Amino acid sequence: MVLAFLMSLLIPRPADAGTPESVSPVRTLRDPSPARGGPAPRLPGTHPAGAVTGSSTVTSAAADEASAHRAGAGPGEGREGREQGSVYVKICGLRTADTLDTAVAAGADAVGFVFAPGSPRLIGAGAARELARRVPAAVETVGVFRRQPIEEVLATASAARLTTVQLHGDEEDAAFERLRAEGFRTIRALAWDGYLARPETDPADRLLLDAPVPGSGARFDTDLLAERPPQGFWLLAGGLDPDNVGAAVRSAAPGGVDVSSGVESEKGVKSADLIRRFVAAARNG
């Protein structure tokens, strides 16, 4: 009987089907399956797994990819290899892989995709998403919108998996607060008269001062800055090109510059050579 007792201790008994596992598997945000009794993880700035945003469906894996990219360096921190204090450069209105790659290789801190209807640089969310996949995490991917409903902005920016949303015009503060709550960085773009009409701007919004018609190539009169110089980090835009950006940076001392038409060989068509020249001139004067 003693021998039988000892043998019973050595033979493993089958697990009770109703007993939970003693050690649960480690879960990460990349695991899209929901925890027992709970919903799938909700990542900042994304829609729930499987939610339809416009013509695209955002999966948990895609949401995680976008959230991770948003965690990259922002202005003030700089991209890897950029000297501290050098001018932040944003190349906007990109639509092709070769010009986007050129902008990144030249040292741009941000690349922009235009979703404003009627623009000659208009791009769809799906095409922007494919381009954004090519961008390293240290470079911001910016969606540019103008007078569009906030739900449309959020859906497009999420579907394209962007890090940042730039709104043009006198948008309500609530729109920017909503964007930040959803995990996006924000840029508030204003023409000079719109900037003067505002009593103040939220420090959480990076300010971009532009010509009255964005993307038109019209010059921004930097002498106007003497009346009310912007505070904190801000970007200068409007009529900049490789030949004048150095002087504009020296006279206005912005934290960054933004260009679109100034690096085009024709309207809506970016030039790789002009992109390289612009970035070099902005940084080296």
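Note that these values count all heavy atoms, side chains included, but never hydrogens, waters or copies made by symmetry. Numbers for residues simply follow the sequence, beginning at 1. What you are looking at is a predicted structure, and each value in this text was computed from that prediction instead of being measured.
No donor-acceptor pair closer than 3.5 Å links the side chain of Lys270 to the backbone N or O of Ile275. Side-chain atoms of Gln231 come within 3.5 Å of backbone atoms of Pro229 as a donor-acceptor pair (strictly under, hydrogens ignored). Formation of a donor-acceptor pair under 3.5 Å by the Arg188 side chain with backbone atoms of Phe176 is not found in this model. Arg95 places a side-chain N or O within donor-acceptor distance of the main-chain N or O of Gly268, the cut-off being under 3.5 Å. Between the Gln148 side chain and the Arg146 main chain, a donor and an acceptor come within less than 3.5 Å of each other.
Pairing each heavy atom of Leu131 with each of Leu94, the nearest pair is CD1-O, 4.4 Å. The heavy-atom pair separating Pro242 from Ala281 by the smallest distance is O-CB, 3.4 Å. When every heavy atom of Ala189 is checked against every heavy atom of Gln166, the shortest pair comes out as CB-NE2, 4.0 Å. Minimum interatomic distance between Val249 and Ala282 (heavy atoms only, all atoms of both residues): CG2-O, 4.2 Å. Of all the heavy atoms in Phe113 and Thr141, the pair that sits closest is CE1-CB, 4.2 Å. Closest non-hydrogen pair, Leu190 versus Gly169, comes out as CD2-O, 3.5 Å.
Considering CG of Asp210 and CG of Leu235, their distance stands at 10.5 Å, rounded to 0.5 Å. With rounding to the nearest 0.5 Å, the separation of CZ in Arg178 from CG in Leu154 is 5.0 Å. Note that the CG atom of Leu207 and the OH atom of Tyr195 stand 6.0 Å from one another [nearest 0.5 Å]. The distance from atom CG of Leu122 to atom CZ of Phe115, rounded to the nearest 0.5 Å, is 8.5 Å. To the nearest 0.5 Å, atoms CD1 (Ile187) and CG (Leu179) are separated by 11.5 Å. Rounded to the nearest 0.5 Å, atoms CD (Glu171) and CZ (Arg147) are 8.0 Å apart.
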Inset, instruction - Would you check, one step at a time, whether the test side-chain contact (heavy atoms from CB on, under 4.5 Å) holds for Asp241 with Val259? - result: CA-CA 7 Å; Asp241 60 38; Val259 68; 5.8 Å; no

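You'll find the side chain of Cys92 reaches within 4.5 Å of the side chain of Val114, heavy atoms only. Arg121 places none of its side-chain heavy atoms less than 4.5 Å from the side chain of Val144. At a threshold of 4.5 Å between non-hydrogen side-chain atoms, the residues Ile91 and Val279 count as touching.
Ion pair Arg180/Glu177 not flagged as a salt bridge, since none of the NZ, NE, NH1 or NH2 atoms sits closer than 4.0 Å to an Asp/Glu carboxylate oxygen.
No side-chain N or O of Asp273 forms a donor-acceptor pair with one of Ser271 less than 3.5 Å apart.
Residues passing the side chain to side chain contact (heavy atoms under 4.5 Å, CB included) test with Ala272, sequence neighbours excluded: Thr102, Arg276.
Using bins of under 30°, 30° to 60° and over 60° for the plane-to-plane angle, the ring pair Tyr88/Phe233 lands in the perpendicular bin.
Screening residues 245-259 for side chain to side chain donor-acceptor pair (under 3.5 Å) gives Lys90-Asp258 as the qualifying pairs, with residues at least two apart or on separate chains.
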